[in-house]
Amino acid sequence: MADPKGFMTTPREEWPRRPVEERVRDWNEVYVPGALLPIISRQANRCMDCGIPFCHDACPLGNLIPEWNDLVSREDWRAASDRLHATNNFPEFTGRLCPAPCEAGCVLAINQPAVTIKNVEVAIADRAWEEGFAPPRPPERLSGRTVAVVGSGPAGLAAAQQLTRAGHTVAVYERADRIGGLLRYGIPAFKMEKRHLDRRLEQMRAEGTKFRTSTVIGEDIGAAELRSRYDAVVIATGATAWRELDVPGRELTGIHQAMEYLPLADRVCEGDLDVSPLSAAGKHVVIVGGGDTGADCLGTAVRERAASVTQLDIYPQPEPERNQDAEPWPTYPKIYRLSAAHEEARDLRTAPAADADARLFAASTLRFTGDAGGHVRELHLVEVDERRRPLPGSDRTLPADLVLLALGFSGPDRKDGIIEQLGLALDARGTIARNEDFETSVPGVYAAGDAARGQSLIVWAIAEGRAVAAAVDRRLSGGTSRLPTPIGPYDRPMTA
């Protein structure tokens with residue numbers, strides 16, 4: 001603890017964002033380049049080095065937060081990088097994409113603004129790459145055992161890297177033409193530029209991990225055949241079965257799932273397309289769903305120069321401060337948060353009829369109506385109470401040339417046939433069932449990430465990947481493993 005009074009004398013200061021008018025004209029990350037390092041040592045000094053660091057429990061990775069805060073405050077970046085990478089394979093991803101439940105669990109957050117843990121994390125990660133503190137770590141010897149990982153999102157990549165470093169020969173299979181899962185085709189570049197992903201993949205290749213793109217397991221290669229080729233298989237395909245909105249008019253053209261829309265914008269950034277076929281340019285856009293995916297659609301539509309963008313959230317507008325009775329510290333509270341996309345929509349007034357920024361809260365979609373050609377033109381909604389009951393006389397109509405459904409995901413996509421071909425058992429939620437060792441109902445086949453846990457956060461996905469790697473390594477190594485197991489398959493976030 002470099003400064004025992006840092007938490008009392010230094011106010012919270014976050015990585016500043018670029019001006020709205022500037023950043024919406026490009027797809028670069030929203031933060032001011034180089035503006036984090038000058039403030040981050042002072043911010044790390046705010047860490048109290050408390051006796052019971054609840055930030056550890058709030059983060060499923062078990063990140064050693066007080067340790068690397070202290071090292072950053074002393075500007076010992078190499079040691080900070082070592083401590084950070086000891087628990088997290090991809091801190092440059094989580095430092096940009098995670099909603100930071102660790103900050104909600106910060107002891108300082110009981111009565112003050114929390115330590116900027118997320119900003120410290122990304123500063124360490126970026127400095128590590130700049131200074132060469134994250135070299136490839138190939139194994140000293142190979143085990144002679146082989147593992148197939150199906151899916152290249154954060155869970156699959158974490159499992160693959162851990163198993164490769166343990167000496168096993170690992171091949172990652174991805175249905176898309178590039179590795180990364182939703183990190184590649186789902187997360188907008190303004191939240192995380194793809195160079196961070198590409199750099200980490202090059203590290204993994206240098207360590208020995210093999211990647212197989214444009215390969216659909218269950219179609220291009222039968223799932224049973226894959227199982228016969230490898231000593232173990234890890235299913236990490238994510239929860240990609242999107243939820244539908246069953247209301248009149250859903251059949252109209254111009255209504256799309258968020259994950260049909262977002263990957264096309266990413267492909268424009270990759271140079272595959274000049275213009276997205278679903279571009280929001282000049283259109284009145286309505287996003288149904290108030291979560292992070294909806295916010296990603298919002299920021300994307302703003303950059304595509306939509307005529308207007310409105311986001312509907314069925315929940316009431318959250319309070320600005322934690323409700324200590326309903327969501328006591330150190331749980332992650334549902335409070336009003338202003339993401340970069342919402343800040344942009346607010347400043348640019350993309351939704352004049354919205355309650356706040358671009359959002360209409362407590363709003364439920366009734367139906368869609370369209371023109372003579374069968375294209376959506378209007379969304380009809382109604383305000384609802386806390387029990388989602390319609391409020392009489394609250395019907396409204398919004399212009400809508402493009403509607404994006406961001407309603408979350410119900411479980412793994414079953415169209416490719418992996419589940420049926422392997423005969424995997426499912427649980428009551430429709431996700432892949434597994435035992436305490438992450439093993440499915442089929443011996444030698446394991447499941448990790450959202451495909452088994454259900455829709456969750458990137459830190460949980462990475463923790464799952466690390467934990468399933470340890471389970472596979474125990475099987476292949478005769479019952480023991482030196483790999484860490486940060487979580488169990490039945491662990492869940494802290495709740496009241």
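Residues: numbered from 1 along the sequence shown.
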Checking [X] side chain against [Y] main chain: does a donor-acceptor pair fall under 3.5 Å?
X	Y	result
Arg322	Glu327	yes
Asn63	Ile65	no
Asp427	Arg429	yes
Glu383	Ala362	no
Arg453	Asp491	yes
Arg434	Ala447	yes
Asp296	Gly299	no
Glu193	Trp27	no
Thr350	Val309	yes
Arg227	Tyr230	yes

Subject >> salt bridge (charged side-chain N to carboxylate O under 4.0 Å, His left out) against Arg200, all qualifying residues, sequence neighbours excluded >> reply: Glu92
Report, as yes or no, whether the 6.0 Å neighbourhood of atom [atom1] on [X] holds more than 12 heavy atoms from other residues, nucleotides or ligands.
X	atom1	answer
Asp292	CG	no
Glu386	CD	no
Lys191	NZ	yes

**OP:** Check step by step if side-chain contact (heavy atoms from CB on, under 4.5 Å) holds for Leu379 and Val288.
**Re:** CA-CA 10 Å; Leu379 181 147; Val288 183; 3.9 Å; yes
Original post:
Does NZ or CZ of Arg337 fall inside the cone over Tyr332's six-membered ring, less than 6.0 Å from its centre and within 45° of the axis?
Top reply: yes
Original post:
Cationic tip of Arg377 within the cone over Phe368's six-membered ring, i.e. under 6.0 Å and within 45° of the normal?
Top reply: no
Nearest heavy atoms of [X] and [Y], plus distance in Å:
X	Y	answer
Val442	Glu439	O-CG, 4.1 Å
Phe438	Gly488	CZ-C, 3.8 Å
Ala258	Cys297	CB-SG, 3.5 Å
Pro412	Ala241	O-CB, 3.9 Å
Pro277	Leu273	CD-CD1, 3.9 Å
Ala189	Asp266	N-OD1, 3.8 Å

Can you confirm whether [X] sits close enough to [Y] that some side-chain heavy atom of one is under 4.5 Å from a side-chain heavy atom of the other?
X	Y	value
Asp177	Thr213	no
Arg23	Phe190	no
His85	Phe90	no
Glu321	Pro333	no
Leu201	Phe211	yes
Asp395	His380	no
His284	Leu398	no
Glu29	Arg17	no

With rounding to the nearest 0.5 Å, note down the distance linking [atom1] in [X] to [atom2] in [Y].
X	Y	atom1	atom2	value
Arg96	Ile458	CZ	CD1	11.0 Å
Leu298	Thr310	CG	OG1	9.0 Å
Leu61	Asn88	CG	CG	5.0 Å
Glu121	Thr94	CD	OG1	3.5 Å
Glu304	Tyr261	CD	OH	3.5 Å
Arg267	Arg178	CZ	CZ	6.0 Å

Original post:
Which pairs with one or both residues in residues 246-263 pass salt bridge (Lys or Arg N to Asp or Glu O under 4.0 Å), sequence neighbours excluded?
Top reply: Glu244-Arg250
Original post:
Among Glu202, His196, Gln203, whose side chain to side chain donor-acceptor pair (under 3.5 Å) with Arg199 holds?
Top reply: His196
**OP:** Indicate yes or no: does Arg389 engage Asp385 in a salt bridge with an N to O separation below 4.0 Å.
**Re:** yes
Original post:
Could you walk me through whether Val445 and Ile235 pass the side-chain contact (heavy atoms from CB on, under 4.5 Å) check?
Top reply: CA-CA 7 Å; Val445 178; Ile235 306 297; 3.9 Å; yes
**OP:** For Arg175 and Glu219, run salt bridge (Lys or Arg N to Asp or Glu O under 4.0 Å): C-alpha distance rounded to whole Å, both residues' side-chain angles, the deciding distance at 0.1 Å, then the answer.
**Re:** CA-CA 10 Å; Arg175 65 168 55 225; Glu219 297 179 8; 5.8 Å; no
Subject >> Aromatic ring pairing Tyr31/Trp15, orientation class (parallel under 30°, perpendicular over 60°, tilted between) >> reply: parallel
Subject >> Derivation and outcome, side-chain contact (heavy atoms from CB on, under 4.5 Å), residues Val233 and Ile217 >> reply: CA-CA 11 Å; Val233 173; Ile217 302 302; over 6 Å; no
**OP:** Under the side-chain contact (heavy atoms from CB on, under 4.5 Å) rule, what do Tyr336 and Asp357 come out as? Steps first, then yes or no, please.
**Re:** CA-CA 11 Å; Tyr336 178 75; Asp357 46 75; 2.5 Å; yes
**OP:** Apply the side-chain contact (heavy atoms from CB on, under 4.5 Å) test between Asp26 and each candidate in Val30, Val24, Asn28; give the one that qualifies.
**Re:** Asn28
Subject >> Residues Glu14 and Thr116: side-chain donor-acceptor under 3.5 angstrom >> reply: no
